[in-house]
Enquirer: 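Handing you this structure, nothing more for now.
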Amino acid sequence: MSNRFQAPRGTQDVLPDAQPYWAAVNQAILEVTRLFGFRRIDTPMFEPAALFEKGSGDTTDVVEKEMYVFEDRGGETLALTPEGTPAICRAYLEHGMASWPQPVRLYTTHPMFRYDRPQKGRYRQHTQFDCEVIGSASPLVDAEVIELLWRLHQRLGLRNLEVRLASIDDPAPRRAYVERLKDYYRPNLDRLSEDSRRRFDRNPLRLLDSKDERDQPYKDAAPKLIDHLSPEAAAHQQVVQDALAAAGIPYRMDPLLVRGLDYYNRTVFEIVPTDDERAQGTIGGGGRYDGLVEILGGPHTPAMGFGSGIERIILEMQRNEVAVDEPERPPVYVVHKAEGAHRKVVELAGELRARGIAVTVGEGDRSMKAQLRGANSSGARIAIILGEDELAAGTAVVKDLTEVGGGQVTVPFGDLAATVAARLGSA
RNA sequence: GCGGGCGUAGCGUAGCGGUUAACGCGUCUGGUUGUGGCCCAGAAGAUCGAGGGUUCGAACCCCUCCGCUCGCCCCA
């Protein structure tokens with residue numbers, strides 16, 4: 001068994017039974033992005049590794065320990081895309097989108113690769129639905145982008161979700177806050193968990209997010225970023241909240257919300273299930289990243305966006321038992337059992353398909369019984385039977401499969417397509 | 001990267017030291033002379049995740065690896 005090939009760790013095959021979920025999500029994405037005026041972009045599956053080192057931040061986990069980096073035969077250092085935003089910003093600059101009408105609203109669905117330890121809902125290859133609005137500093141854009149993602153989930157029948165919202169301010173005031181936070185924690189440093197002592201140096205904002213027992217006593221009295229926003233960020237935040245309220249989006253302020261990428265400023269948000277305690281519950285998140293385009297060598301260009309994990313959306317749909325449309329199976333199944341019938345079978349199937357009727361051709365080397373069993377389990381509504389007698393007479397049997405002991409009629413080849421079409425039309 | 005649980009035919013499970021590894025679903029073939037769904041019969045399909053060890057003997061005990069899973073880190 002394990003001598004056989006297996007899909008690489010953390011990857012998965014999307015089998016036919018799961019495809020209807022993907023189709024439903026993709027369809028909903030198409031509709032919701034249309035309603036909000038977004039246009040699709042597709043970027044390559046790999047990019048220069050430096051794009052993410054610069055863009056996402058070279059001390060972030062995503063870049064530091066999760067990137068699939070490789071050197072190609074020409075010596076280029078490339079990375080399989082670990083996240084979408086820097087790639088889209090790269091395309092924005094590369095194609096001079098700054099000279100398009102601003103802001104530019106783009107979306108995509110794109111495979112993402114992270115060398116991480118797999119868990120349910122966390123895969124080494126996953127697919128993100130990404131939306132980015134580049135070239136606007138308006139807080140209304142923040143709210144609109146959040147609303148878009150919220151509407152997507154609504155459209156997919158997901159309830160029990162909530163938006164968690166925070167502002168992490170702009171870089172300079174945030175640095176001032178972080179110093180304040182470190183001052184608060186510093187005296188108690190040796191009573192904190194090992195993880196938190198590490199966070200103190202590497203990512204102090206995470207201190208407030210600790211789940212370790214030993215860290216709990218210090219959390220309540222710690223200064224919260226949301227209470228120390230710069231006047232500009234606070235005003236921005238207020239408009240975002242007003243707009244969300246006006247849009248009817250339920251949200252909850254989460255002073256502990258921290259995102260893992262360096263480029264965010266001001267608005268950050270996540271959409272999470274309210275009734276699932278799993279660690280990998282977050283199904284989408286994003287925020288404002290006014291500094292990123294500049295970091296990548298462009299002009300100062302404010303922007304806002306999110307990434308949403310389609311695999312996680314689908315897990316939520318399945319957990320909530322959301323019904324999805326199954327694609328229709330071919331309504332016609334051709335049973336054939338006659339020496340030399342193959343030409344006629346192909347002709348007749350072709351005629352039906354030309355009329356837009358889907359056809360499954362049976363296995364002529366199996367018994368008629370076996371083929372009819374196949375017809376039945378395929379879900380076909382009509383079986384066309386072509387045996388020795390019919391072939392000799394230039395006719396075919398049209399048999400109704402929709403009920404037990406369904407009737408059948410014999411028609412000349414010339415009338416077959418019309419007869420079948422009429423039956424399907426009226427049924 | 002750290003810690004816990006699990007791994008038996010395509011799927012779901014039983015067996016937990018001792019002859020040819022069992023059951024359900026599914027698949028295939030039949031139930032006479034060319035006709036499906038229910039029913040009946042039969043067949044195929046598993047070197048019991050892989051490799052090594054303990055033992056007279058291992059699916060069952062031990063070790064390593066692989067995979068899945070839960071928690072942590074982190075993230076979608």
Side-chain angles (χ1 to χ4, degrees), chain A residues 1-12 15 17 56 59-66 81-85 109-130 149 193-196 198-199 202-203 206 209-213 258-261 270-272 277-286 306-316 333 335-338 341 362-363 366-392 397-408:
Chain A
M1 183 83 96
S2 79
N3 290 334
R4 285 196 235 161
F5 288 112
Q6 290 176 276
R9 180 166 205 204
T11 67
Q12 52 184 353
L15 299 179
D17 280 349
S56 310
T59 61
T60 57
D61 276 19
V62 167
V63 168
E64 195 169 65
K65 57 181 207 187
E66 296 173 5
T81 52
E83 59 131 357
T85 305
T109 57
H110 197 283
M112 302 296 170
F113 304 87
R114 294 179 194 170
Y115 188 86
D116 207 353
R117 176 117 177 219
Q119 261 175 254
K120 194 174 189 67
R122 189 171 70 192
Y123 308 103
R124 288 184 172 178
Q125 178 183 342
H126 73 279
T127 312
Q128 273 186 34
F129 165 45
D130 255 63
L149 186 54
S193 65
E194 302 76 48
D195 274 341
S196 283
R198 206 159 37 80
R199 290 186 183 105
R202 295 212 34 180
N203 193 353
R206 284 268 173 215
D209 198 26
S210 173
K211 288 159 191 136
D212 195 293
E213 285 293 332
V258 179
R259 309 245 69 226
L261 302 164
E270 289 181 349
I271 292 186
V272 297
E277 298 312 312
R278 285 186 311 109
Q280 312 304 327
T282 304
I283 63 182
F306 67 76
S308 177
I310 295 183
E311 286 82 358
R312 287 190 184 175
I313 293 175
I314 289 172
L315 285 171
E316 267 311 286
Y333 194 106
V335 173
H336 57 105
K337 195 71 193 165
E363 303 290 298
R366 289 208 200 155
S367 71
M368 205 166 269
K369 183 193 194 85
Q371 290 185 61
L372 275 158
R373 276 180 175 159
N376 191 62
S377 60
S378 79
R381 285 145 64 194
I382 288 174
I384 293 172
I385 303 173
L386 190 57
E388 300 284 0
D389 297 348
E390 289 78 15
L391 187 63
V397 170
V398 177
K399 180 179 171 67
D400 174 36
L401 295 178
T402 56
E403 51 194 271
V404 177
Q408 61 185 52

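Each chain gets a letter, A, B and so on, in the order its sequence line appears, and its residues count up from 1. Computed from a predicted structure; not experimentally measured.
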Enquirer: Considering Watson-Crick and G-U wobble pairs with both distances under 3.5 Å, what does rG71(B) pair with?
Expert: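 Checking every strand shown, rG71(B) finds its partner in rC2(B), with both distances under 3.5 Å.
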Enquirer: Using heavy atoms to find the nearest nucleotide of RNA chain B for Arg199(A) and Gly285(A) separately, return the residue whose nucleotide is more 5′.
Expert: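 Closest to the 5' end, via its nearest nucleotide, is Arg199(A).
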Enquirer: Please check if the side chain of Arg312(A) supplies one atom and the backbone of Gly121(A) the other of a donor-acceptor pair under 3.5 Å.
Expert: yes
Enquirer: Does the rU35(B) base have a donor-acceptor partner in the side chain of Gln408(A) within less than 3.5 Å?
Expert: yes
Enquirer: What integer distance in Å separates Arg366(A):CZ from rU35(B):C1'?
Expert: 16 Å
Enquirer: Under a 3.5 Å limit for both distances, which nucleotide forms a Watson-Crick or G-U wobble pair with rG37(B), could you say?
Expert: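 Pair assignment: rG37(B) / none.
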Enquirer: Could you tell me the Watson-Crick or G-U partner of rU55(B), where both distances fall under 3.5 Å? Say none if there is no partner.
Expert: none
Enquirer: At less than 4.0 Å, is any side-chain N or O atom of Arg114(A) found next to OP1 or OP2 of rC74(B)? Yes or no.
Expert: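 Indeed not, no polar side-chain atom of Arg114(A) lies that close.
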Enquirer: Could you tell me the separation between the NZ atom of Lys369(A) and the C1' atom of rG42(B), rounded to a whole number of Å?
Expert: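 Whole-Å distance recorded here is 14 Å.
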Enquirer: For Arg206(A) and Leu401(A), take the nucleotide of RNA chain B holding the closest heavy atom to each; which residue's nucleotide lies nearer the 5' end?
Expert: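 It is Leu401(A) whose nearest nucleotide is closer to the 5' end.
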Enquirer: Find the partner of rA21(B): check Watson-Crick (N1-N3 plus N6-O4 or O6-N4) and G-U wobble (N1-O2, O6-N3) distances, both under 3.5 Å, and reply none if neither fits.
Expert: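 Its partner is none (no Watson-Crick or G-U wobble pair with both distances under 3.5 Å).
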Enquirer: Do we see a donor-acceptor contact under 3.5 Å between the side chains of Thr402(A) and Asp400(A)?
Expert: yes
Enquirer: If we call it a pair only when both distances are under 3.5 Å in a Watson-Crick or G-U wobble match, what pairs with rA43(B)?
Expert: rU27(B)
Enquirer: Could you let me know what rG7(B) is paired to, Watson-Crick or G-U wobble, both distances under 3.5 Å, or none if it's on its own?
Expert: rC66(B)
Enquirer: Looking for any heavy atom pair under 4.0 Å, which part of the strands does Glu403(A) touch: base, sugar-phosphate only, or nothing?
Expert: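 If one applies the 4.0 Å heavy-atom cut-off, Glu403(A) turns out to touch a base.
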Enquirer: With distance as the sole test, does Glu388(A) use its side chain to make a donor-acceptor pair with the main-chain N or O of Ala338(A) at under 3.5 Å?
Expert: no
Enquirer: Regarding Ala370(A), tell me which of base, sugar-phosphate or nothing describes its non-hydrogen contacts under 4.0 Å with the strands shown.
Expert: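 Here Ala370(A) touches the backbone only, sparing every base.
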Enquirer: With a 4.0 Å cut-off on heavy atoms, is Tyr123(A) in touch with a base, just the backbone sugar-phosphate, or nothing at all?
Expert: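 Since a base atom lies under 4.0 Å of Tyr123(A), the category is base.
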Enquirer: Taking any heavy-atom pair under 4.0 Å as a contact, classify Arg117(A): base, sugar-phosphate, or nothing.
Expert: base
Enquirer: Under 4.0 Å, counting only non-hydrogen atoms across every strand here, what does Ser367(A) touch: a base, just sugar-phosphate, or nothing?
Expert: sugar-phosphate
Enquirer: How long is the line joining CZ of Arg198(A) and C1' of rC2(B), in whole Å?
Expert: 10 Å
Enquirer: Hey, is the main chain of Ala370(A) close enough, under 3.5 Å, to the side chain of Ser367(A) for a donor-acceptor pair?
Expert: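 A pair under 3.5 Å: yes.
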Enquirer: Thr127(A) side chain to Glu311(A) main-chain N or O, any donor-acceptor pair under 3.5 Å?
Expert: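 A pair under 3.5 Å: no.
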Enquirer: I'd like to know if the side chain of Thr11(A) and the backbone of Tyr123(A) have a donor-acceptor N/O pair within less than 3.5 Å.
Expert: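 Side chain of Thr11(A) to backbone of Tyr123(A): no pair is present.
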Enquirer: Could you check how far NZ of Lys120(A) sits from P of rC70(B), rounded to whole Å?
Expert: 6 Å
Enquirer: Scan Arg9(A), Lys65(A), Arg122(A) and name whichever one has a salt bridge (charged side-chain N to carboxylate O under 4.0 Å, His left out) with Asp116(A).
Expert: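 It is Arg122(A); the other options fail the test.
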Enquirer: Let me know the distance between CZ of Arg9(A) and P of rG67(B), rounded to the nearest Å.
Expert: 5 Å
Enquirer: With a 3.5 Å cut-off and just heavy-atom distances, do the side chain of Arg373(A) and the base of rG30(B) make a donor-acceptor pair?
Expert: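 Yes, the side chain and the base share a sub-3.5 Å donor-acceptor pair.
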Enquirer: Checking all strands, does Glu311(A) fall into the base, sugar-phosphate, or nothing category for heavy-atom contacts under 4.0 angstrom?
Expert: nothing
Enquirer: Which part of the nucleic acid does Lys337(A) contact within heavy-atom distance under 4.0 Å: base, sugar-phosphate only, or nothing?
Expert: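 The residue Lys337(A) makes no contact with any strand.
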Enquirer: Select base, sugar-phosphate, or nothing to describe what Asp17(A) touches, counting heavy atoms under 4.0 Å on all strands.
Expert: nothing
Enquirer: Check the phosphate of rG49(B) against Gln6(A), side-chain N and O only, distance under 4.0 Å to OP1 or OP2. Yes or no?
Expert: no
Enquirer: Quick one: classify the glycosidic conformation of rG37(B) as syn or anti, with syn meaning within 90° of 0.
Expert: syn
Enquirer: Using a heavy-atom cut-off of 4.0 Å across all strands, would you classify Glu390(A) as base, sugar-phosphate, or nothing?
Expert: base
Enquirer: Once you apply a heavy-atom cut-off of 4.0 Å, does Gly10(A) come out as touching a base, just sugar-phosphate, or nothing?
Expert: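 Sugar-phosphate contact only.
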